[in-house]
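Here is the structure we will look at, set down as structure tokens.
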Amino acid sequence: MSSKITAPRGTQDLIPPHSAQWQALEQRIHALARRFGYGEVRTPLFEATELFVRGVGETTDIVEKEMYTFRDKGDRSMTLRPEWTAPVVRALLEHQLLAQGPQRLYYIGPIFRYERPQKGRYRQSHQFGVECTGYREPEADVEVISLAWELVRSYGISDAALKINSIGDAQCRPRYREALLEHFRPNVSQLSPEAQQRVERNPLRLLDSKEERDAPFVASAPRFEEFLCEPCREHFTALKADLDMLEIPYAVDPRIVRGLDYYTRTVFEITSNALGAQSAVCGGGRYDDLIASLGGPDVPAVGFALGMERFLMIVEAAGSEKPSARSGVQAIALGAQARATLLPIVAELRRLAEVPAFMDYEERKLLAHLKIADRNGARFALIVGEQELAAGEAVLRDLESRTDRHVPLGSPRVVAAALVETGL
RNA sequence: GUGAUUGUAGCUCAGUUGGUUAGAGCGUCGGUCUGUGGAUCCGAAGGCCGCGGGUUCGAGUCCCGUCAGUCACCCCA
């Protein structure tokens with residue numbers, strides 16, 4: 001059976017062939033970010049615990065119960081990165097980058113949260129995200145949203161939906177909060193137990209309730225749009241106009257409130273119903289006060305985070321993945337002398353060709369070797385046995401068309417070059 | 001942290017009201033085919049029945065605990 005030691009709960013090994021999908025996604029992300037003019041930022045896997053407590057919010061679930069926190073040998077409290085925004089802002093401040101004007105950064109890598117795993121939720125997961133600092137204008141929101149949407153579009157995912165909302169700023173949010181409390185407080189006893197807790201703790205989240213008995217109260221609740229202050233309203237209106245202009249389909253969803261403390265004005269999500277209970281694959285928004293609250297200058301910012309595990313689940317559900325074509329060459333040596341002949345040729349091929357060169361070193365029958373070539377997905381088989389050695393030419397078999405061709409044996413470099421020349 | 005559910009071969013799963021040597025398919029390896037592939041047929045290897053305790057003459061099967069997977073709640077990517 002399996003060995004006693006297994007991967008820690010909520011983590012997983014990434015092995016072929018699945019790892020190839022990850023490589024493809026990562027490559028696409030790097031190319032996409034590049035086209036938008038974003039540079040990559042990499043931060044440590046762990047940070048001072050204090051950074052997340054201050055950056056994410058003391059009363060958030062992340063800080064209250066989901067952090068992987070430990071003490072190092074210097075008795076410092078450290079925490080495995082549970083999200084990227086706080087570390088990126090920390091790096092921005094540490095290297096004084098904000099003094100140089102607007103910054104466009106993207107990141108890609110693991111985050112850690114101590115949670116019970118379920119579909120689309122793991123203790124180690126991976127996020128791609130961007131942070132755009134220095135712009136208060138809604139064009140920056142649109143830039144960030146369109147970057148995320150472009151990734152979804154490039155995979156041809158049809159069941160993804162973009163939802164946007166505005167949750168106001170320090171001016172108008174307290175007013176809306178009050179209005180919500182006035183609306184719910186008189187009916188508190190009729191709400192679900194979960195909702196009752198939210199009334200005092202986080203009234204905005206009441207709008208997000210899944211309980212049927214809360215639905216009528218949620219439906220009749222005041223909408224944030226009516227309470228937005230004038231600057232916030234203008235920002236939101238301009239954002240919607242810009243999205244229309246770029247032909248990015250969206251829906252305004254007043255129930256999108258986001259879980260982290262630091263958002264202001266624009267919030268958005270990209271959801272898919274391929275994900276089970278966790279429908280959000282991407283979430284983000286504007287956080288104009290976060291940088292200042294971490295001790296930096298008063299610089300606005302907007303960004304998003306996209307869950308890569310969830311994204312690949314959507315990609316898979318969309319079923320747009322094509323079966324990978326045969327590629328590469330399987331070197332088949334029959335006998336010790338043939339092996340000695342082929343080995344340097346394979347080595348040369350690995351220097352010259354873009355496609356994989358496979359070789360099996362056991363003494364097998366030709367039939368068995370060809371089966372291995374099939375399993376490897378090789379396009380060609382390069383066969384050398386006693387006959388070929390005697391004749392001075394190898395057999396190159398096209399495993400797709402089932403046709404043979406002869407190639408003269410010579411110095412490994414010349415043979416490999418000839419093979420590459422004729423197109424492997 | 002709470003709840004539901006599932007742990008039997010590398011993978012997917014059978015396994016009778018508890019009954020003695022533990023089953024299939026796929027995969028792997030070999031043969032069929034002394035040098036031309038995804039097929040067919042034949043054969044082989046591969047199991048502390050998640051782990052620990054209990055009940056019983058006897059436990060893969062029943063009970064308790066524990067660990068792990070899955071899904072959901074809370075919350076989020």
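Every heavy atom of this structure was used, including side-chain atoms; hydrogens, water molecules and symmetry mates were not.
With a 6.0 Å radius and a threshold of 12 heavy atoms from other residues, nucleotides or ligands, A/R255 has its CZ atom at or below the threshold. Other residues, nucleotides and ligands contribute at most 12 non-hydrogen atoms within 6.0 Å of the CD atom of A/Q337. Environment of OH in A/Y114: sparse, with no more than 12 heavy atoms of neighbouring residues, nucleotides or ligands closer than 6.0 Å.
At a threshold of 4.0 angstrom between heavy atoms, the contacts of A/N376 with the nucleic acid are absent. Residue A/G284 is out of contact with every strand shown, counting any heavy-atom pair closer than 4.0 Å. Heavy atoms of A/Q387 sit under 4.0 angstrom from at least one base atom.
Considering only the side chain of A/E115, B/rC75 comes nearest among B/rG35, B/rG37, B/rC75. Listed nucleotides B/rC71, B/rU32, B/rG35 differ in distance to A/K119; the shortest reach to its side chain belongs to B/rC71. Taking only side-chain atoms of A/E388, from C-beta outward, the nucleotide of B/rU32, B/rG35, B/rG1 with the closest atom is B/rG35. Proximity note for A/R116 (side chain, C-beta onward) versus B/rG37, B/rC76, B/rA72: the nearest is B/rA72. The nucleotide whose nearest atom lies closest to any side-chain atom of A/R326 is, among B/rU36, B/rG38, B/rC76, B/rG38.
Contact check, A/K365 against B/rU32: a side-chain N or O comes under 4.0 Å of OP1 or OP2. Using a 4.0 Å cut-off, no side-chain N or O of A/Q118 falls inside it from OP1 or OP2 of B/rU70.
One can place CD of A/E393 at 19 Å from P of B/rG35, the figure rounded to the nearest angstrom. One atom, CZ of A/R9, and another, C1' of B/rU70, lie 10 Å apart when rounded to the nearest Å. Whole-Å rounding puts the A/H369 NE2 to B/rC33 P distance at 21 Å. Rounded to whole angstrom, the span from the OH atom of A/Y122 across to the P atom of B/rC71 amounts to 6 Å. The distance from atom CG of A/L370 to atom P of B/rC33 is 17 Å, rounded to the nearest whole Å. One can place CG of A/L366 at 16 Å from C1' of B/rG30, the figure rounded to the nearest angstrom. Between the CD atom of A/E83 and the C1' atom of B/rC75 there is a distance of 14 Å, given to the nearest Å. When rounded to the nearest whole Å, the span between CD of A/E400 and P of B/rG37 equals 17 Å.
A residue-by-residue look at A/S125 and A/L275 shows that A/L275 has its nearest nucleotide of RNA chain B further toward the 5' end. Each of A/T11 and A/A305 was assigned the nucleotide of RNA chain B with the nearest heavy atom; the assignment lying further toward the 5' end belongs to A/T11.
Taking the six-membered ring where tryptophan is involved, the planes of A/F46 and A/F70 are perpendicular, since the angle between them exceeds 60° and thus also 30°.
Inspection of the A/T403 and A/D398 side chains reveals no N or O donor paired with an N or O acceptor under 3.5 Å. Under 3.5 Å, the side chains of A/T43 and A/R90 contain no donor-acceptor pair of N or O atoms. Side chains of A/H235 and A/D169: no donor on one and acceptor on the other come within 3.5 Å.
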Review item, nucleotides 25-29 of chain B N/O atoms under 3.5 Å of protein N/O:
{"residue": "B/rC29", "atom": "OP1", "partner": "A/R375", "partner atom": "NH1", "Å": "3.4"}

Watson-Crick or G-U pairs under 3.5 Å in RNA chain B, rendered as dot-bracket with [ ] for crossing pairs and | for another strand: (((((((..((((.....[...)))).((((.........)))).....(((((..]....))))))))))))....
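The ring pair (Phe, Tyr, Trp, His ring centres under 6.0 Å) test with A/F128 is passed by exactly one of A/Y107, A/F304, A/W84, A/Y38: A/F304.
For the pair A/E143 and A/R104, the salt-bridge criterion is met [side-chain N within less than 4.0 Å of a carboxylate O].
Between A/F311 and A/Y155, the ring center distance clears the sub-6.0 Å criterion.
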